[in-house]
Asks: 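This is the structure I have questions about; it appears just below.
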Amino acid sequence: MKKLLIFTLSYLLCAIFPCREVVALEDYNTVMKRDILSLFLAYPEHVTGVEKSAEGNVYVILKSGKKILYDDRKQKTHDEKLSNPDIQDMLEQPYPLNSIDDLPDVNFDPGRGRIYNLLHEVYGSNQGIIEKNLINCNGWQFNKQNGAAEALKLVLKDVNEASKTNAKIGGFVYPINGTYNYRYVSGTGRLSPHAFAIAIDVKSHPNDYWKWNTRSNGEKRMRAYPKELVEIFENHNFVWGGKWGHFDILHFEYRPEIILKARYFSTPIQESSTWHFGAPENEQVKEYINLIDNKLN
Ligand SMILES: [Zn+2]
């Protein structure tokens with residue numbers, strides 16, 4: 001009898017005040033839909049669909065027919081998330097679009113995890129194909145797929161324009177250190193984003209990289225960086241390694257999914273009237289929203 005009473009009471013309370021589990025599930029679904037919409041918006045020619053399997057696994061479908069799992073439901077350490085992220089891991093840490101004064105916690109690295117199946121599909125499945133996709137941007141090679149090279153051209157144009165009124169800016173960019181380089185991330189077996197020609201290292205300084213110097217020297221260097229320069233890159237969908245706990249201050253990387261998620265979906269869920277609150281309003285976006293709602297409800 002007592003048990004029944006407790007059960008009935010808790011059931012009634014749940015009906016009046018939604019249970020933590022129910023809210024958590026709703027929030028999970030909202031974040032998942034926002035993540036998937038960010039991918040559609042970031043890779044419009046390459047992300048073509050979404051589906052849910054009979055077991056409840058959600059996949060993003062690429063143009064080639066390949067599928068990428070949204071959430072492998074594994075408990076992973078930060079390093080495991082970097083070496084083998086699913087979509088949820090890749091987009092989990094919110095990239096700050098505001099300027100920051102302090103280096104983030106050592107394991108806060110939004111955009112440092114990459115899904116290689118996606119990069120290979122979009123920018124080239126091997127070195128030969130990647131090299132066929134390279135075009136010249138003011139003397140630097142960048143990948144022409146998915147608007148990457150176009151974005152770098154606009155960055156360099158804005159940098160040169162901004163240098164006319166803020167002389168400091170050019171001094172942080174030139175001489176540019178490098179863009180395309182078919183190599184692995186040092187100390188790992190993972191290809192560098194430079195191998196896909198979607199990253200640029202600007203002028204180098206000994207305090208720029210977490211493996212070269214101390215956190216406090218990295219922080220000093222990060223604070224000295226012109227905010228206007230970082231904004232130019234972010235406006236064109238590049239993330240900055242100066243906002244990573246594993247700082248890489250000379251490094252900017254074309255990652256539209258990270259920037260678009262930050263730009264459109266930083267309103268807290270509790271303050272959003274719909275899961276897609278904040279997304280741009282146009283016919284194409286409406287189609288994506290309908291597709292996501294149809295496949296994932
Ligand atoms: Zn780099």
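Both ligands and their constituent atoms are indexed starting at 1 by order of listing.
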Asks: Show me the donor-acceptor pairs within less than 3.5 Å that the side chains of residues 232-241 make with the rest of the protein, sequence neighbours left out.
Replies:
from	atom 1	to	atom 2	distance (Å)
Glu234	OE2	Tyr95	OH	2.6
Glu234	OE2	Lys243	NZ	2.7
Asn235	ND2	Glu231	O	3.3
His236	NE2	Asp158	OD2	2.8
Asn237	OD1	Arg263	NH2	3.0
Trp240	NE1	Ile249	O	2.8

Asks: Would you call the rings of Tyr116 and His120 parallel, tilted or perpendicular, where under 30° means parallel and over 60° means perpendicular?
Replies: tilted

Asks: Return yes when at least one N/O/S atom of Asp248 is nearer than 2.8 Å to the Zn ion (ligand 1), and no when none is.
Replies: no

Asks: Where the Zn ion (ligand 1) is the corner point, what angle links NE2 of His194 with ND1 of His251, to 10°?
Replies: 110°

Asks: Who else is in Tyr59's hydrophobic cluster (ILVMFWY, side-chain heavy atoms under 4.5 Å, direct or via others)?
Replies: Leu69

Asks: How long is the span from the CG atom in Asn117 to the NZ atom in Lys67, to the nearest 0.5 Å?
Replies: 13.5 Å

Asks: With the Zn ion (ligand 1) as the point of reference, which N/O/S atom of Asp201 is the closest?
Replies: OD1

